[in-house]
Structure formats: structure tokens, C-alpha cells
Protein chains: 2
Amino acid sequence: MSSSLPPTTEGTPPGAGAGASTPAFSPLYQQIKGLILHSLQHGEWKPGEAIPSEMELAARFRVSQGTVRKAIDELAAENLVMRRQGKGTFVATHAERQVQYRFLKLLPDTGDARVEGPAQRTILECRRMRASAEIARTLALRTGDVVVQVKRILSFVGVPTILEDIWLPGQAFKGLTAEQMAHYQGPTYAMFELDFGVRMVRAEEKIRAVFPDETQAQWLNIPVATPLLSVERLAYTYNDVPMELRRGLYRTDTHHYHNELS
Amino acid sequence: MSSSLPPTTEGTPPGAGAGASTPAFSPLYQQIKGLILHSLQHGEWKPGEAIPSEMELAARFRVSQGTVRKAIDELAAENLVMRRQGKGTFVATHAERQVQYRFLKLLPDTGDARVEGPAQRTILECRRMRASAEIARTLALRTGDVVVQVKRILSFVGVPTILEDIWLPGQAFKGLTAEQMAHYQGPTYAMFELDFGVRMVRAEEKIRAVFPDETQAQWLNIPVATPLLSVERLAYTYNDVPMELRRGLYRTDTHHYHNELS
DNA sequence: GAGTGGTCTAGACCACGCG
DNA sequence: GCGTGGTCTAGACCACTCA
């Protein structure tokens with residue numbers, strides 16, 4: 001409702017004296033994109049729901065449909081919304097059949113993933129604790145802030161394949177239990193959306209080859225001298241706020257990490 | 001010149017009798033995109049060169065500028081061309097400063113890559129041979145077809161970090177020498193463009209954790225019991241034609257494989 | 001100042017999904 | 001048949017680059 005924006009040459013704030021001269025011209029559709037993003041962040045429309053039609057948004061923001069269209073195009077390209085012709089534009093969610101396990105790039109060497117079905121989850125641990133300096137820094141918390149730590153095993157066709165440690169900000173994940181982690185059907189990230197209103201939007205991974213320690217080897221039921229993929233993932237919500245640190249050990253004797261470059 | 005296409009509802013070829021009823025409606029801008037792609041493939045404009053302006057292309061294909069624009073937008077999104085405001089649209093190349101080593105995702109753990117500078121290359125081997133069944137299948141050749149095999153080491157600040165085997169179709173890479181591999185300044189893929197007219201457009205990687213064999217360990221100057229990243233890359237030119245198989249062993253004690261998910 | 005890509009608009013029509 | 005997103009057009013104006 002705070003609208004009626006003419007094509008503003010915004011940027012360079014009023015008091016920008018001798019600073020760096022970034023012209024910072026912001027096209028209208030970017031401003032519209034920002035407004036839609038704001039509504040997304042603040043839960044005006046929930047994951048899976050439809051957002052207003054392009055015509056409605058155009059009317060709301062007093063711009064043409066084409067401008068709204070371009071804003072939504074970018075949001076769709078970033079996987080924040082999903083367009084479906086004839087139906088509408090929907091807030092993206094990790095709960096959809098098609099794009100389930102969007103962030104899991106481990107595939108079986110032969111055959112397709114669907115045949116294996118989803119992973120079986122074994123929760124080893126789920127506790128609240130104070131963040132170490134390292135964890136705190138990574139999650140943009142203060143040392144000693146409460147975090148939830150979850151340790152779990154993912155098995156495919158009965159074979160333990162992934163051993164994961166997950167750290168979550170305690171504040172946003174109040175009341176997360178081992179039962180919840182174990183019994184929710186579908187991707188963990190879908191449960192995060194549903195039960196905690198936390199939507200993971202993008203992530204970065206750092207991958208190395210390592211050995212497990214003795215405990216880890218036992219959990220995965222392998223010799224300590226097995227080379228494993230160490231996958232450290234930092235997942236972000238809107239606005240580049242880190243919300244999950246995940247350290248995984250992947251067996252790669254029957255599976256591989258798959259990546260597309262372009 | 002073979003133009004003047006009205007918005008054609010093409011697809012469903014004339015003789016498509018009882019087959020699957022894929023409606024396959026193809027929008028005009030997709031057809032334009034196809035035409036531009038065809039010119040790209042056939043070298044009408046070389047890597048680094050500008051393609052005709054949007055207006056020119058619109059005139060050539062007898063469509064509006066907006067339609068050409070949308071076609072080019074997609075090509076730009078796929079990294080096949082690069083737009084530069086005020087200058088024009090350019091055929092993408094691996095030779096550009098900014099996006100150099102586009103397909104190499106190994107980064108130093110601390111500091112940025114620029115400080116390290118480009119890798120030093122040591123060519124261990126460069127020979128023509130007959131393709132094994134496996135190599136042939138992967139490169140879509142026939143068993144026994146000639147391939148070029150290159151074995152090399154990439155070192156960062158003097159430390160051997162990557163050991164690579166590269167296989168290339170012999171036909172397209174006639175006359176490739178070890179000297180060429182060693183002495184070309186800049187990305188290998190830039191040399192492929194310049195000297196052989198082969199542009200790598202996308203790639204897929206399969207990543208595993210493995211041990212080196214004894215020879216490999218010697219080349220990398222590490223114990224055989226060092227866990228390494230095995231990175232198998234299949235790189236494609238236009239039209240999804242595979243043109244390079246690359247098997248790399250990456251040390252990850254000082255570097256890591258970096259990936260962005262969204 | 002000419003030329004290029006980038007933005008914005010307004011209106012027409014098309015393909016799709018659903019009642 | 002209606003509403004949604006998707007395509008296409010034509011024209012105006014803006015920002016950037018370079019001579």
C-alpha cells in the first residue's frame with residue numbers, strides 16, 4: 001500500500017557526500033521485486049500458497065503487468081516462487097514432489113533415485129546446547145547462544161550412507177524434538193517450513209575428502225580407513241541470513257555427488 | 001534469410017500418427033533462439049566477437065526487438081552469450097578475465113584465489129591412442145576410435161594439487177601437442193576455442209572420495225593413504241555433444257570444492 | 001551524438017487449468 | 001467460459017560506451 005512509485009533514480013542517499021560514487025540506479029522492476037520479497041519474508045503468503053495474480057500486483061503497485069512480470073521472473077529464477085501456467089504463481093516450498101531433496105546431490109551410481117525411495121532416518125541425538133565460537137560465527141550468532149544440534153544417519157535401501165551433524169539457531173527452532181526429526185514424512189526442510197516457518201532459500205557447500213574418526217566409522221559401519229566425502233553446508237533463509245550448518249559424511253562406494261556446471 | 005516465420009504452432013510433425021500426443025507448441029522466441037544458436041554453432045560469430053544488435057537480428061528474422069531480446073535473454077542465462085550495456089552482445093568465451101576457470105570449483109581454504117594466481121601446469125603425457133570401450137561410450141565414439149589422452153599436474157604456489165587425465169576426441173583435436181598444453185597462457189578451454197574451435201558450453205561432474213594408487217601418490221607427492229576427491233567431468237559443446245572426459249584427483253588439505261545450491 | 005542494451009508501457013492474443 | 005500465466009508487438013525513453 002505504500003506505493004505509487006514513479007521510476008525513481010534512487011540509490012545515492014541524500015547525504016552521500018564524498019563517498020564512493022556508486023550511481024546505483026535501481027530499475028522499477030527491482031523495486032517491485034523487493035516489495036514482493038518483503039511480503040514473502042513476512043509471511044503474507046505461506047509456502048505452497050498462490051501469490052496474487054500479476055494483474056492484481058500490477059494494480060497494487062501501480063505499475064504495468066509487464067513490470068510485475070519481470071520482477072516475478074527473477075524471483076522464479078531464484079527458486080523463490082514457482083509459476084504454473086493457467087493456475088498462478090506459488091510460493092516455493094521444499095514439500096513438492098518434483099523438487100524434493102533439492103539440496104541433496106548424492107545419487108546412486110546405477111539406476112535412478114526414485115527406485116531407492118527416500119532415505120531412512122535414524123536420529124542419534126537431538127539436544128540444545130551453547131554454541132562454540134566456531135559454530136556461532138558461522139551461524140552469525142554470539143558464542144554461548146543456544147543452538148540445537150541433531151546427529152543422524154541417512155540410509156538407502158538399508159545401508160547407512162550419510163552421517164550428519166546439524167546445527168540450528170535455538171531461537172528459531174524452539175521445541176524441535178528427535179521425534180519430529182524422525183517421524184516427519186518428506187524432506188526435513190519441508191518440516192522446517194511447516195513447523196517453524198523457516199524457509200531455506202539457498203546454500204553453499206564445501207567439499208573435501210576425509211577419514212572418519214572411530215565413532216563415525218562405527219555409525220556408518222565401515223573401516224576407519226574408508227575415504228569419505230565431507231560436505232559442509234551452510235543454508236540461508238531470505239536476506240542471506242544463515243539458518244543451518246550441516247556437516248555430512250557421505251559414503252561414495254555406491255553413490256556419488258552429482259554437479260552440473262554451466 | 002530463411003525467415004518470415006509467423007507464430008507457428010509447430011511440433012507434432014506431419015506424420016505423427018499414433019505416437020505420444022506431445023502438443024509441443026514452440027513459441028516464436030524459442031525458434032529465434034534456435035536460429036541464433038545455429039549461427040553460434042556454425043561459427044558465424046567467433047568467441048569474443050559481438051553478434052549483431054537486437055535491432056539487426058529483429059530485422060533479419062522479421063520479428064520485433066522484444067522477441068529477439070527474449071531469445072538472447074535465454075542464451076545469456078545459459079552463458080552462451082554475454083551482454084554488455086552500451087556495447088553489444090558477445091559470444092561467450094573461456095578466455096575472459098572475470099570468468100576464467102569457470103568449471104574449476106576448487107578454492108583455497110583461506111584467502112582468495114587471485115592471490116594464488118593461476119595454476120602451474122606440468123604435462124606428464126600427451127598421446128594419441130585408441131579409445132577403450134568405456135572411454136568411447138562416454139564420449140559417444142566407437143571403441144577403437146582415436147582419442148588424445150593428456151595427463152598433467154596442476155600446482156598451486158608450487159604444491160602439486162590436482163592430477164588430471166583428459167580424453168579428447170582425436171578427430172576434433174588433430175595435432176594437439178604437449179607444448180600447446182603446457183605453454184598456452186590462460187585456461188585450457190580458451191586454447192581449445194582458439195586452436196580447435198571447440199567451445200565447452202556445460203559440464204557434469206561426479207564426485208567421490210578415493211585413494212590414489214601408488215603412481216598417482218608419487219605424482220602428487222603424498223602418501224598412498226591420503227583421501228582425495230575424485231572428480232569425473234564430462235564437458236559438452238553445443239547440442240549436448242560430449243567433447244571431453246576429465247578425471248581429476250584433488251588434494252583437499254588446503255583447498256576445497258565449492259558449490260552453490262539454490 | 002550515435003548506437004547499443006535496458007526499462008517501461010499498453011494492448012492484443014494464445015495456451016492452460018478448472019469448474 | 002473465465003482467469004491465470006505466456007507470447008508478441010510497437011513505441012518511448014533511459015543508461016552506458018565510445019568516438
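Protein atom CE of B/Met82 is 10 Å distant from nucleotide atom P of C/dG6, rounded to whole Å. Distance, A/Gln65 CD to D/dC8 P: 15 Å, rounded to whole Å. Look at CG on B/Leu28: it is 17 Å from P on C/dC13, rounded to the nearest Å. The nearest whole Å value for the distance from the CD atom in B/Gln31 to the C1' atom in D/dT7 is 12 Å. Counting to the nearest Å, the C1' atom of D/dC8 and the CD atom of B/Glu74 are 15 Å from each other. Distance, B/Asp73 CG to C/dG6 P: 8 Å, rounded to whole Å. Between A/Tyr29 atom OH and C/dG5 atom C1' there is a gap of 12 Å when expressed in whole angstrom units. A/Leu57 has its CG atom 8 Å from the P atom of D/dG5, to the nearest Å.
Checked against C/dT7, C/dG5, C/dC8, the side chain of A/Lys70 finds its nearest nucleotide in C/dT7. Side-chain atoms of B/Gln85 lie closest to C/dG6 of the nucleotides C/dA10, D/dG5, C/dG6. The nucleotide whose nearest atom lies closest to any side-chain atom of B/Phe25 is, among D/dG5, C/dC8, C/dA15, C/dA15.
In summary, of the residues considered (A/Thr110, A/Leu106, A/Leu107), a side-chain contact (heavy atoms from CB on, under 4.5 Å) with A/His255 occurs for A/Leu106 alone.
Between A/Gly86 and A/Arg69, it is A/Gly86 whose nearest contact on DNA chain D lies nearer the 5' terminus.
A distance below 6.0 Å separates the ring centres of B/Phe173 and B/Phe192. You'll find the ring centres of A/His256 and A/Tyr250 outside the 6.0 Å limit.
Between A/Ser53 and D/dG3, a side-chain N or O to OP1/OP2 separation shorter than 4.0 Å is absent. Considering only side-chain N and O atoms, A/Lys87 lies under 4.0 angstrom from the phosphate OP1 or OP2 of C/dC18. Note on A/Arg84: every side-chain N or O is 4.0 Å or more away from OP1 and OP2 of C/dG17.
Here the closest non-hydrogen pair linking B/Glu260 and B/His258 is OE2-CE1, 3.2 Å.
Looking at heavy-atom distances under 4.0 Å, A/Glu54 makes contact with sugar-phosphate atoms alone, never a base.
A/Tyr257 and B/Glu205 share no donor-acceptor pair across their side chains, judged by distance under 3.5 Å alone.
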